2 protein chains.
Amino acid sequence: MDRSLRMTEPSRNRVGTTEKSFTILELLQREDGAGVTEVATALGMSKSTVHSHLTTLVECGYVTHHDTQYHVSTKLLRLGGRLRDQSPLYQAARIEMKSLAAETDGVVRLYLEEEDDATMIAQEGYSPGIQERHLGERTPLTESIAGPVMLAERERSGDEGTGDDSTTVEDATGDDDSAADREALDIDDDVRDRFDRIRRRGYAVETGPEGSDRTFAGALSRRDGTVMGALTVTVPGETGDPLSAGDRLLEAVERVELSLTSWYDSHATFSPKHSWHVHSN
Amino acid sequence: MDRSLRMTEPSRNRVGTTEKSFTILELLQREDGAGVTEVATALGMSKSTVHSHLTTLVECGYVTHHDTQYHVSTKLLRLGGRLRDQSPLYQAARIEMKSLAAETDGVVRLYLEEEDDATMIAQEGYSPGIQERHLGERTPLTESIAGPVMLAERERSGDEGTGDDSTTVEDATGDDDSAADREALDIDDDVRDRFDRIRRRGYAVETGPEGSDRTFAGALSRRDGTVMGALTVTVPGETGDPLSAGDRLLEAVERVELSLTSWYDSHATFSPKHSWHVHSN
DNA sequence: CGATCCGTTCCGTATAGCTGAACACCTTCG
DNA sequence: CGAAGGTGTTCAGCTATACGGAACGGATCG
């Protein structure tokens, strides 16, 4: 309509070469390995260019070069793993994740909140029937139970939250509580009711298709109210009574939050450099 | 000494820009976040250059930009996670990892063999006292029990293995079986004896410092003898009798290998494109 | 033995990344 | 209050450098 759209972002950003390398890397990831010409034709680049980028990536250790195929190496996993292991949220949660998974015999997952998205950064336990979730998978806060729990918890301590989430409730219309196509006004009330329920109970429940499994989710927040992430436990079908799983989750959440705040109290003396994702203001 | 050394590798490789970007990324990873000038002074680059690279990395989603600090994002974890989840070794092992961890109440780890290194790609269970291992951590095959197990298994099916490992036994002198400072000749015999023991028993045992914990390791290989990785279970101090953990590991190894070969039988019909790390010859 | 694939190398060229200086902004300190 | 020093950001020019096309080895297939 108006001329506010500039196609392909004229990109006064710089460094298109790096962007190109990452595009190649992501293609290798998607295609699960590829050859030079395959990449060149797929991305519309010349073979020599692709070759240069690939050899560079190999020398940097991010790509392996067996025979005629290039694959992404495990270096990405290592970097991402170190990032995860350093995060205080993971440090505080892993013991509880283990015991929670053992006692409920379910799948426990840890989500990290970043910029209106929830990222799964750790998983403990495994059951073939449970819905698959990939490590590092990033979903909007309005989807898949772990997000709404964080949104509901955000509202509790005022609306300032991160600062730009004055429309948190309205944004959450995308939840799939089998009520995807109601009228907008009803949805707002419905979502608000749901959030109230979550806040009152401390956790949220989501039943899988045909009651195959149940997922309990609780938000992990610091003492000052800032939401850091969420803890989730999914129990298959008719294992034990589901209520105890919810109570057990609450215990775990409290213990993780306790460990988290104590971590911050000990490490925040002279906050080292960036106080770990705490958007200070 | 001789002129075979060319300083800094004149690099007829190409694409130094990409190399620069990755250097910045790795610095951000190590320093756990940094600012523009911090990176510039650390790497000896101008501020504007660093700024360009950082904005590009942010736009690509690999770096987040809060306040004045740049951090690596979870995108690396996502890419690495997908790489892991796609690997048949992980697919075949995760069920057994879960049950093995539950039954032994120990920490189960899965290692992937790649180019004379062992990379830890998955972990199930957690215990605070157990030796830390980071996701994606890459150690030489001569270290830390998981490697030697694979080396011993390699020898079984002839020496051709990957092709360039004619010195596998001699390279394994770095094992820490509390005999780090013996004479070279003895070590060779010692290592050979150790390999024989491993092959006879099917798994290897490593006792932690002061008997704090025990680690059992077994190699995972295909039916044709090619070693794919290793499975490891670490049990704390005096939990149960250690022998049953070893036996339980053997069961798990067999089941994983079974699942692995069946996977290859079903997917290798018209080998899709690269037959997944099987160095075909 | 051509015919086709593949990956790799080479080189000229113009593009695009690098630099240093100037800018805006914020604390802090004199 | 206004220098002083610390950020991150922008701009314009120069030159290094990434790009592309063509030519080169090496397989594999008919």
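Residue numbering restarts at 1 for every chain, and letters A, B, ... go by the order of the sequence lines. Everything numeric here is computed off the predicted structure, so don't read it as measured data.
- Between A:Thr17 and D:dT17 there is no side-chain polar atom (N or O) within less than 4.0 angstrom of OP1 or OP2.
- Side-chain N/O atoms of B:Ser48 and base N/O atoms of C:dG20 include a donor-acceptor pair closer than 3.5 Å.
- The nearest whole Å value for the distance from the CG atom in A:Asp67 to the P atom in C:dC5 is 19 Å.
- Within 4.0 Å (heavy atoms only), B:Thr49 reaches at least one base atom of the nucleic acid.
- Residue B:Tyr70 places at least one side-chain N or O under 4.0 Å from the OP1 or OP2 atom of D:dT9.
- Taking the six-membered ring for Trp, A:Tyr70 and A:Tyr62 have ring centres at least 6.0 Å apart.
- Side-chain contact check for A:Ser73 versus A:Val63: every heavy-atom pair is 4.5 Å or farther apart.
- Contact between the side-chain N/O atoms of B:His65 and the OP1/OP2 oxygens of D:dT9 is found at a separation under 4.0 Å.
- Rounded to an integer number of Å, the gap from B:Lys47 NZ to C:dC25 C1' is 12 Å.
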Inset, instruction - Apply side chain to side chain contact (heavy atoms under 4.5 Å, CB included) to A:Arg222 and A:Trp263, showing your working. - result: CA-CA 11 Å; A:Arg222 295 181 59 194; A:Trp263 188 95; over 6 Å; no
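- Dashed line: the shortest gap from a side-chain N or O of B:Ser46 to OP1 or OP2 of C:dC18 is not under 4.0 Å.
- The phosphate of D:dG20 (OP1 or OP2) has no side-chain N or O of A:His53 nearer than 4.0 angstrom.
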